[in-house]
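Below is one structure, written out as structure tokens; comments come after it.
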Amino acid sequence: MNVEQARFNMIEQQIRPWDVLDSSILSLLSVVRREDFVPEAHRSLAFMDLEVPLSGGRAMLAPKLEARLVQDLNLSKRDTVLHIGAGTGYVTALLAHKAQRVIGLESQADLVQLARTNLRQASVNNAEIVQSDGVEGLLAQAPFDAILLTGSVAKVPQTLLDQLKEGGRLLAIVGDEPIMRARLFTRLGNGQFSSEDLFDTTAPRLAGFVIPSRFHF
């Protein structure tokens, strides 16, 4: 396989047509080597338009969805980001290139170790991985400029929304199959939030996000 040609095809044939048009994001996809974050057994799938299987029934999201989520979070270099569902660390690495600091939460111990190793080997020094399912967020480090959930939830916990700074954004894939939507929440102040549906998609459920109470539609 010609790796660079496969990467180019992924960007131009999958990601750009999915309304990922931010040139800084498109360039970043050539800098952060996705294949280095894919488990060796599935490395041949690194550039394909599909979810990559991980241990414990987990999966990396399709490349176009990962890129679209990072783009639509609209980060700046001043932002501190909470990333829930870090997996192998790939999206965490993308976020780290766009933000000042990223804390990735991952519930599965083997993936925690893999993500830490991958980030270290990719020389990503402004991100860390904490073992947690992320349902309660990370109150000790709050408030955050942005929170990203890379996986779907039936509803977003109010606990997470409350950990945003005023003007902060939370992006999650919300709903039940076959209809889910990427939804962007913004904290307006005085305990108020706005929400905007950005696009339709589907994604595997995030581990632990199964309790109906304390959740926000």
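Only this structure's heavy atoms are used, side chains among them; waters, hydrogens and symmetry mates stay out.
- Ion pair Asp176/Lys155 not flagged as a salt bridge, since none of the NZ, NE, NH1 or NH2 atoms sits closer than 4.0 Å to an Asp/Glu carboxylate oxygen.
- Looking at Asp145, Asp79, Leu148 one by one, the single match for side-chain contact (heavy atoms from CB on, under 4.5 Å) with Leu73 turns out to be Leu148.
- Gln71 places no side-chain N or O within 3.5 Å of a backbone atom of Ile25 that could act as its donor or acceptor partner.
- Side-chain N or O atoms of Gln108 include one that pairs as donor or acceptor with a backbone N or O of Ser55 at under 3.5 Å.
- You'll find the side chain of Gln163 stays beyond 4.5 Å of the side chain of Gln141, heavy atoms only.
- Under a hydrophobic clustering in which Ile, Leu, Val, Met, Phe, Trp and Tyr are joined whenever their side-chain heavy atoms come within less than 4.5 Å, directly or via other members, Leu188 and Leu198 fall into different clusters.
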Intermediate values then yes/no, side-chain contact (heavy atoms from CB on, under 4.5 Å), His42 and Leu54 = CA-CA 9 Å; His42 299 295; Leu54 301 176; over 6 Å; no

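- Taking all atoms of both residues into account, the shortest heavy-atom contact from Ala86 to Glu106 is N-OE1, 3.5 Å.
- The closest donor-acceptor contact from the side chain of Asp22 to the backbone of Ser24 lies under 3.5 Å.
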Which is it for Ile15 and Met10 under the side-chain contact (heavy atoms from CB on, under 4.5 Å) test, yes or no, and what are the steps along the way?
-> CA-CA 6 Å; Ile15 293 173; Met10 176 188 73; 3.9 Å; yes

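- The two residues Asp72 and Phe199 make their nearest non-hydrogen contact at OD2-CE2, 3.5 Å.
- Taking every heavy atom of both residues into account, Arg183 and Val174 meet most closely at NH1-CG1, 3.7 Å.
- At a threshold of 4.5 Å between non-hydrogen side-chain atoms, the residues Leu114 and Asp110 do not count as touching.
- Linking Ile, Leu, Val, Met, Phe, Trp and Tyr residues whenever their side-chain heavy atoms come within less than 4.5 Å leaves Leu21 and Val70 in two separate clusters.
- At least one side-chain heavy atom of Arg58 sits under 4.5 Å from a side-chain heavy atom of Ser107.
- The cluster map of Ile, Leu, Val, Met, Phe, Trp and Tyr, joined by side-chain heavy atoms under 4.5 Å apart, puts Leu94 and Phe8 in different clusters.
- Between Val38 and Leu45, the closest side-chain pair of non-hydrogen atoms is not below 4.5 Å.
- Atoms CD1 and CG, on Ile103 and Asn126 in that order, are 11.0 Å from each other to the nearest 0.5 Å.
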Step-by-step side-chain contact (heavy atoms from CB on, under 4.5 Å) determination, Leu149 to Ile173 | CA-CA 7 Å; Leu149 284 64; Ile173 298 166; over 6 Å; no

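- Side-chain contact between Val32 and Val124 is absent, with no heavy atoms from C-beta onward closer than 4.5 Å.
- Counting all heavy atoms, side chain and backbone alike, Met60 lies closest to Phe37 at SD-O, 3.9 Å.
- Among Val102, Leu160, Val81, Leu138, the one residue that satisfies the side-chain contact (heavy atoms from CB on, under 4.5 Å) test with Phe144 is Leu138.
- Formation of a donor-acceptor pair under 3.5 Å by the Ser152 side chain with backbone atoms of Pro204 is found in this model.
- Between the CZ atom of Arg101 and the CG atom of Leu82 there is a distance of 10.0 Å, given to the nearest 0.5 Å.
- A donor-acceptor pair under 3.5 Å links the side-chain atoms of Arg187 to the main chain of Asp162, judged by distance alone.
- Between the side chains of Lys165 and Thr80, no donor N or O sits under 3.5 Å from an acceptor N or O.
- Looking at heavy atoms from C-beta onward, Trp18 lies out of side-chain contact with Asp49 at the 4.5 angstrom threshold.
- Across all non-hydrogen atoms, the minimal contact from Ala93 to Leu119 is CB-CD2, 3.8 Å.
- Looking at Gln14, its side chain does come within 3.5 Å of a backbone N or O of Phe47 through a donor-acceptor pair.
- Remark: Gln5 CD is packed, more than 12 non-hydrogen atoms of other residues, nucleotides or ligands lying under 6.0 Å away.
- A distance of 11.5 Å separates CE in Met48 from CG in Asn9, rounded to the nearest 0.5 Å.
- Looking only at distances, no side-chain donor or acceptor of Arg181 sits under 3.5 Å from a matching main-chain atom of Asp197.
- Note that CD1 of Ile179 is 11.5 Å distant from OG1 of Thr202, once rounded to the nearest 0.5 Å.
- Between the Asp133 side chain and the Val135 main chain, a donor and an acceptor come within less than 3.5 Å of each other.
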Check against side-chain contact (heavy atoms from CB on, under 4.5 Å), Phe193 and Leu170 | CA-CA 10 Å; Phe193 299 85; Leu170 181 149; over 6 Å; no

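- With a 4.5 Å cut-off on side-chain heavy atoms, Phe185 and Ile147 do not count as touching.
- Within the 4.5 Å cutoff, side-chain heavy atoms of Leu69 are placed close to those of Leu61.
- Side-chain atoms of Thr150 come within 3.5 Å of backbone atoms of Gly85 as a donor-acceptor pair (strictly under, hydrogens ignored).
- Summarising the geometry, atom OG1 belonging to Thr186 is positioned 8.5 Å from atom CG belonging to Leu164; distances are rounded to the nearest 0.5 Å.
- Taking CD1 from Ile11 and CZ from Arg34, the interatomic distance works out to 11.5 Å, rounded to the nearest 0.5 Å.
- Taking all atoms of both residues into account, the shortest heavy-atom contact from Ile84 to Gly134 is CD1-O, 3.5 Å.
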Apply salt bridge (Lys or Arg N to Asp or Glu O under 4.0 Å) to Arg7 and Glu4, showing your working.
-> CA-CA 5 Å; Arg7 192 188 325 280; Glu4 294 311 317; 3.0 Å; yes

